[in-house]
Amino acid sequence: DGGITQSPKYLFRKEGQNVTLSCEQNLNHDAMYWYRQDPGQGLRLIYYSQIVNDFQKGDIAEGYSVSREKKESFPLTVTSAQKNPTAFYLCASSPGPSVRRTEAFFGQGTRLTVV
Amino acid sequence: GDSVTQMEGPVTLSEEAFLTINCTYTATGYPSLFWYVQYPGEGLQLLLKATKADDKGSNKGFEATYRKETTSFHLEKGSVQVSDSAVYFCALSVSDRGSTLGRLYFGRGTQLTVWP
């Protein structure tokens, strides 16, 4: 079945450590996104990529990094510079700007907790 | 800039009650509008969408009409069920500008709880 796979579902990190969240899609979508969700704040865009080897900062990129070496994969690294990393992280994909007016498809999310 | 303002919750209803969740938007281009639903501990699922003015999206008894004159996309359901309990997000996507092509702007979400 086509879809978006995020792993792991739960992740615990010690303060001061970097951690990488995985996101893989087999929908042949060009565009991929990372969102952060906190209670009462909705979804905030961290980074997005519309094509392989290219990505742009979203609204809250500080303390995060991404790469887009393959069309299927868009990993997110939460660095030690991110002051408050505990949150629910959602990855999404969409066909891309060449296909207008289409929705995004979401993974099941990764809950990151800093201990 | 582009944004979505969504009715704040939580909303608590009895089974079979009528549901309305208000959503208004601001967009400089020609947005597509979406409602997503999130069940506990899961990602978001598309509930319905409308891509141009006066379009009505519908799915699973939910409906929303794209009203350009009032810049609104209110979600309605005539008779809610316990299984509809979830968080609902209104979102827009602007498809006609530069580097922000296709990105989604979300409202803050509305928690709906339906009691039997």
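Just so we're on the same page: letters track the sequence lines, and every chain starts at 1.
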In terms of heavy-atom proximity below 4.5 Å to chain A, should Leu44(B) be classed as side chain, backbone, both, or neither?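 Both backbone and side chain of Leu44(B) come within 4.5 Å of chain A.
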If I measure from the heavy atoms of chain A, does Glu8(B) come under 4.5 Å with its side chain, its backbone, both, or neither?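 Neither; nothing under 4.5 Å.
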Salt bridge [X]-[Y], side-chain N to carboxylate O under 4.0 Å:
{"X": "Glu63(B)", "Y": "Lys56(B)", "value": "yes"}
{"X": "Asp55(B)", "Y": "Lys49(B)", "value": "no"}
{"X": "Asp54(A)", "Y": "Arg68(A)", "value": "no"}
{"X": "Asp38(A)", "Y": "Arg36(A)", "value": "yes"}

- prompt: What part of Gln6(A) gets closer than 4.5 Å to chain B, counting heavy atoms only: side chain, backbone, both or neither?
  reply: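 The answer is neither part of Gln6(A).
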Group every Ile, Leu, Val, Met, Phe, Trp and Tyr by side-chain heavy-atom contacts under 4.5 Å, then state whether Met32(A) and Leu46(B) land in the same group.
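Different clusters.
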State yes or no: do Leu45(A) and Phe34(B) share one hydrophobic cluster built from I, L, V, M, F, W and Y residues joined by side-chain heavy-atom distances below 4.5 Å, directly or via other members?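 Yes, it is one cluster - the side chains of Leu45(A) and Phe34(B) are joined through contacts under 4.5 Å.
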Using a 4.5 Å heavy-atom cutoff, which residues in residues 109-116 of chain B come close to chain A?
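From residues 109-116 of chain B, none sit under 4.5 Å of chain A.
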With a 3.5 Å cut-off and no angle check, do the side chains of [X] and [Y] form a donor-acceptor pair?
{"X": "Ser79(B)", "Y": "Glu16(B)", "answer": "no"}
{"X": "Tyr64(A)", "Y": "Tyr89(A)", "answer": "yes"}
{"X": "Tyr25(B)", "Y": "Ser72(B)", "answer": "no"}

*What are the two closest non-hydrogen atoms of Glu103(A) and Tyr36(B), and how far apart are they?*
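Heavy atoms only, the tightest pair is CB-OH, 3.5 Å.
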Do the side chains of Val66(A) and Ser49(A) get nearer than 4.5 Å, heavy atoms only?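 Answer no - side chains too far apart.
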- Query: Which residues in residues 105-115 of chain A have any heavy atom lying under 4.5 Å from a heavy atom of chain B?
  - Reply: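 Within residues 105-115 of chain A, near chain B: Phe106(A), Gly107(A), Gln108(A).
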